[in-house]
**Student:** 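Just dropping this structure here.
Within every chain, numbering begins at 1; the chains are lettered A, B, ... in the order of the sequence lines, protein sequences first and strands thereafter.
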Amino acid sequence: MAKLQAIRGMNDILPDQTPNWQYVEKCFQGVVRRYGYREIRFPILEQTQLFKRSIGEVTDIVEKEMYSFDDRNGDNLSLRPEGTAGCVRAADQHGLLFNQQQRLWYQGPMFRHERPQKGRYRQFQQFGVEAFGMAGPDIDAEIIQLSASLWQDLGLENYLTLEINNIGTAEDRKRYAAALTAFLVFHAEELDDDARNRSHSNPMRVLDSKNPDVQEALKGAPALVDYVSDESVIHYSELKSLLTQLGVEFTESPRLVRGLDYYNNCVFEWTTDSLGAQGTVCGGGRYDGLVEQLGGKPTVAAGFAMGVERLVLMLDSLGKIPEATAQVIDVYMVVVGGQLAGSAVLLAKQLRQRFPEIGLITHCGGGKYSNQMKRAFNSGARLAIVLETESEQPLETVKIRHLIDSGDSVSVELANCGDKLAEILSISE
RNA sequence: GUGACUGUAGCUCAGCUGGUAGAGCCCUGGACUGUGACUCCGGUGGUCGCGGGUUCGAACCCCGUCAGUCACCCCA
């Protein structure tokens, strides 16, 4: 029988890697705490309808990337491809959005059936922030500033650049899309197949084309700016002013279009060139119409999501993860001779009770002294406690040996082992 | 979904133009050493991703499939 293996594009994160993840998660949590955001947790599985109605029926995510299936009741469910839809659903369902403001954050796995490559996986981790009930550009500035704080804490501030754009309201874009489609149809012969196909279904995506010929043909195309309402323009320029006051550098990218339909007005992306083709580390913007679109009362909102794999990848390749994050134990107990197993587990139990903060491994499975010592060294422990007696003799003394600073060892009465340990590790009880 | 490259012991890899597999590390037994090290000797471990085909014979050729990597696409 063939060996079972993980589903394509779904990664196992092994013990050598998990400290890196914990480090990043700790940084997230520190930042959101400072900004007063509270955690919300919602299911990984939702009605497929939720994503269709929020992300948009004709987006790639919904059209060809969702893990959807009928459950035993015949309901069509999907693994969440992003977090905002579920967050809005949960918050609205429980009345969190009624006449109030909310600052929320979440973290968890998302699922998209794409072809895997560096920084892009079928199950991936997102960390996101959503703010509800605040209409002004100040909240937009706040969440951007929040993300910038995180880069600072992670030491990535010099490796990420912020791009922003104003994509107007849904109405603005509708009028613009019509004009753009007309332009594209007129210039159809200069476009490639892909661009022609999108001219009607999703004309704004054509602007993103990397085909130089298409970009050439786009010269003279109508600009979104000219279709954006005055209100949006004012909001946007206020945001820019706030960012400038905050010292957050940005570049304006008129071509920046988000792939999810619910965004409006200000959108932004943090990108890097150190990740290959998957340069976007964080993306977000306003989505003022989404709550209402999903059946709630009209509620303005803004948020962003970031890809944790991409961040971990980036930190790893840039050497930005502090060494101290790796988990090490403090004490390794070497047990020579099977008759000492009882004494060993008992001593270990007592020490763990007395020193809850230290990590202690008891050697299990026997084996000769030299091999046990080898494991003790390889464990990274500072100290080894050696239990050894002449055969049949009761255990009276143990040896405590330094493994890192020196090779010194001291012999202590079994009963005084804890005191000696406290002294050596400078633990105040 | 499309394309290119890759897939040999737990890990890193070698294996010339086809003749049924090797090294280092790791692990382990022993020698030495007042006891993890070093050195020396020995050992475990692979139906060469999987399935077909060509051939007297394939890890090496062909087809399919799965997976990985990178790019397109898409996005976090």
**Student:** Regarding A:Gln102 and A:Arg38, is there a side-chain donor-to-acceptor distance under 3.5 Å anywhere?
**Tutor:** yes
**Student:** Using the C1' atom on both, measure B:C50 against B:C56 and round to a whole Å.
**Tutor:** 26 Å
**Student:** In whole angstrom, give me the gap between the P atoms of B:A31 and B:C70.
**Tutor:** 49 Å
**Student:** Is the closest side-chain donor-acceptor distance between A:Ser253 and A:Asn165 under 3.5 Å?
**Tutor:** no
**Student:** Which base, if any, makes a Watson-Crick or G-U wobble pair with B:C72, both distances under 3.5 Å?
**Tutor:** B:G1
**Student:** Tell me if the side-chain of A:Glu114 makes a donor-acceptor pair with the base of B:A76, cut-off 3.5 Å, by modelled atom types.
**Tutor:** yes
**Student:** Using Watson-Crick or G-U wobble geometry with both distances below 3.5 Å, tell me the partner of B:U54, or none.
**Tutor:** none
**Student:** Would you classify A:Lys64 as touching base, sugar-phosphate or nothing, given that sugar-phosphate means primed atoms plus P, OP1 and OP2, and contacts are heavy atoms under 4.0 Å?
**Tutor:** nothing
**Student:** Would you mind reading off the distance between A:Gln278 atom CD and B:U69 atom C1', rounded to a whole angstrom?
**Tutor:** 13 Å
**Student:** Toward the 5' end of RNA chain B, which comes first, A:Gly9 or A:Gln125, by nearest nucleotide?
**Tutor:** A:Gly9
**Student:** In the structure I gave you, are the side-chain heavy atoms of A:Asp261 and A:Ile55 within less than 4.5 Å of one another anywhere?
**Tutor:** no
**Student:** Please name the residue in the list A:Arg34, A:Lys320, A:Lys26 that meets the salt bridge (charged side-chain N to carboxylate O under 4.0 Å, His left out) test with A:Asp153.
**Tutor:** A:Arg34
**Student:** Is A:Gly119 touching bases, backbone alone, or none of the nucleic acid, heavy atoms closer than 4.0 Å?
**Tutor:** base
**Student:** Expressed in whole Å, how much space separates the C1' atoms belonging to B:U12 and B:A58?
**Tutor:** 25 Å
**Student:** Would A:Thr362 and A:Tyr332 count as having a side-chain donor-acceptor pair, cut-off 3.5 Å?
**Tutor:** no
**Student:** For nucleotides B:A67 and B:C75, find the distance between their C1' atoms and express it as a whole number of Å.
**Tutor:** 23 Å
**Student:** Do the side-chain N or O atoms of A:Lys118 get closer than 4.0 angstrom to the phosphate oxygens (OP1, OP2) of B:A71?
**Tutor:** no
**Student:** Going by heavy atoms closer than 4.0 Å, what residues in residues 76-89 of chain A are next to RNA chain B?
**Tutor:** none
**Student:** Of all residues at least two apart in sequence or in a different chain, which pass the salt bridge (Lys or Arg N to Asp or Glu O under 4.0 Å) check with A:Asp60?
**Tutor:** A:Lys64
**Student:** Rounded to whole Å, how long is the line connecting atom CG of A:Leu160 with atom P of B:A76?
**Tutor:** 15 Å
**Student:** Just to be sure I understand the rule, does A:Tyr121 reach a base, reach only the sugar-phosphate, or reach nothing, if contact means heavy atoms closer than 4.0 Å?
**Tutor:** base
**Student:** A:Glu163 CD to B:A76 C1': how many Å, rounded?
**Tutor:** 14 Å
**Student:** Report yes or no: do A:Asp140 and A:His235 form a side-chain donor-acceptor pair below 3.5 Å?
**Tutor:** yes
**Student:** Please state the P separation for the pair B:G42 and B:C48 - nearest whole angstrom.
**Tutor:** 28 Å
**Student:** Under a 3.5 Å cut-off for both contacts, is B:G46 paired Watson-Crick or G-U wobble with anything, and if yes, with which nucleotide?
**Tutor:** none
**Student:** Would you say the side chain of A:Tyr287 lies within less than 4.5 Å of the side chain of A:Phe132, judging by non-hydrogen atoms?
**Tutor:** yes
**Student:** Determine whether A:Leu146 and A:Arg103 make a side-chain contact, defined as any pair of heavy atoms from C-beta on separated by less than 4.5 Å.
**Tutor:** no
**Student:** May I ask you to say what A:Leu311 touches in the nucleic acid, namely base, sugar-phosphate or nothing, with a heavy-atom cut-off under 4.0 Å?
**Tutor:** nothing
**Student:** Please list, chain by chain and in numerical order, all residues satisfying side chain to side chain donor-acceptor pair (under 3.5 Å) with A:Arg382, sequence neighbours excluded.
**Tutor:** none
**Student:** Can you check the distance between B:G43 and B:G3, where both ends of the measurement are the C1' atom (answer in whole Å)?
**Tutor:** 47 Å
**Student:** Between the protein and nucleotides 64-66 of chain B, which nitrogen or oxygen pairs come in under 3.5 angstrom?
**Tutor:**
unit_1	atom_1	unit_2	atom_2	d
B:C66	O2'	A:Gln5	NE2	3.2

**Student:** Taking atom C1' in both B:G22 and B:G29, what distance in whole Å separates the two?
**Tutor:** 23 Å
**Student:** Please report, rounded to the nearest Å, how far the P atom of B:G1 is from the CG atom of A:Asp60.
**Tutor:** 14 Å
**Student:** In the strands shown, is B:A14 matched to any nucleotide by a Watson-Crick or G-U wobble pair with both distances under 3.5 Å, and which?
**Tutor:** none
**Student:** Return yes if the base of B:C70 and the side-chain atoms of A:Arg115 contain a donor-acceptor N/O pair under 3.5 Å, otherwise no.
**Tutor:** no
**Student:** With side chains defined as the heavy atoms from C-beta onward, is the minimum distance between A:Phe268 and A:Trp270 less than 4.5 Å?
**Tutor:** yes
**Student:** Tell me the interatomic distance from A:Glu63, atom CD, to B:C75, atom C1', rounded to whole angstroms.
**Tutor:** 15 Å
**Student:** Taking B:C26 as the reference, what is the distance to B:G18 when you measure between their P atoms (whole Å, please)?
**Tutor:** 36 Å
**Student:** Quick check: do A:Val129 and A:Leu104 have side-chain heavy atoms less than 4.5 Å from each other?
**Tutor:** no
**Student:** To the nearest Å, how far apart are A:Asp261 CG and B:C74 C1'?
**Tutor:** 14 Å
**Student:** Counting only Watson-Crick or G-U wobble pairs whose two distances fall under 3.5 Å, which nucleotide matches B:A9?
**Tutor:** none
**Student:** Over how many whole Å does the gap from A:Ile55 atom CD1 to B:C74 atom P extend?
**Tutor:** 16 Å
**Student:** I'd like to know if the side chain of A:Gln293 and the backbone of A:Arg53 have a donor-acceptor N/O pair within less than 3.5 Å.
**Tutor:** yes
**Student:** List, with names and distances, any nitrogen or oxygen atoms from the protein found under 3.5 Å away from nitrogen or oxygen atoms belonging to nucleotides 31-39 of chain B.
**Tutor:**
unit_1	atom_1	unit_2	atom_2	d
B:U35	O4	A:Lys399	NZ	2.7
B:G36	O2'	A:Lys374	N	3.4

**Student:** So, OP1 or OP2 of B:U69: does either fall under 4.0 Å of a side-chain N or O from A:Gln117?
**Tutor:** no
**Student:** With both distances under 3.5 Å as the test, what is the Watson-Crick or G-U wobble partner of B:U35?
**Tutor:** none
**Student:** Expressed in angstrom and rounded to an integer, what is the separation of A:Glu309 atom CD from B:C74 atom P?
**Tutor:** 21 Å
**Student:** Looking at A:Val308, is its backbone amide N or carbonyl O close enough to the side chain of A:Gln126 to form a donor-acceptor pair, meaning the two atoms are under 3.5 Å apart?
**Tutor:** no
**Student:** Students often get this wrong, so: under 4.0 angstrom with heavy atoms, is A:Ala376 touching a base, only sugar-phosphate, or nothing?
**Tutor:** nothing
**Student:** Looking at B:C73, does its base get a donor-acceptor pair with the side chain of A:Arg120 below 3.5 Å?
**Tutor:** yes
**Student:** Using the test ring pair (Phe, Tyr, Trp, His ring centres under 6.0 Å), find all partners of A:Tyr227 that sit at least two apart in sequence or belong to another chain.
**Tutor:** A:Tyr176
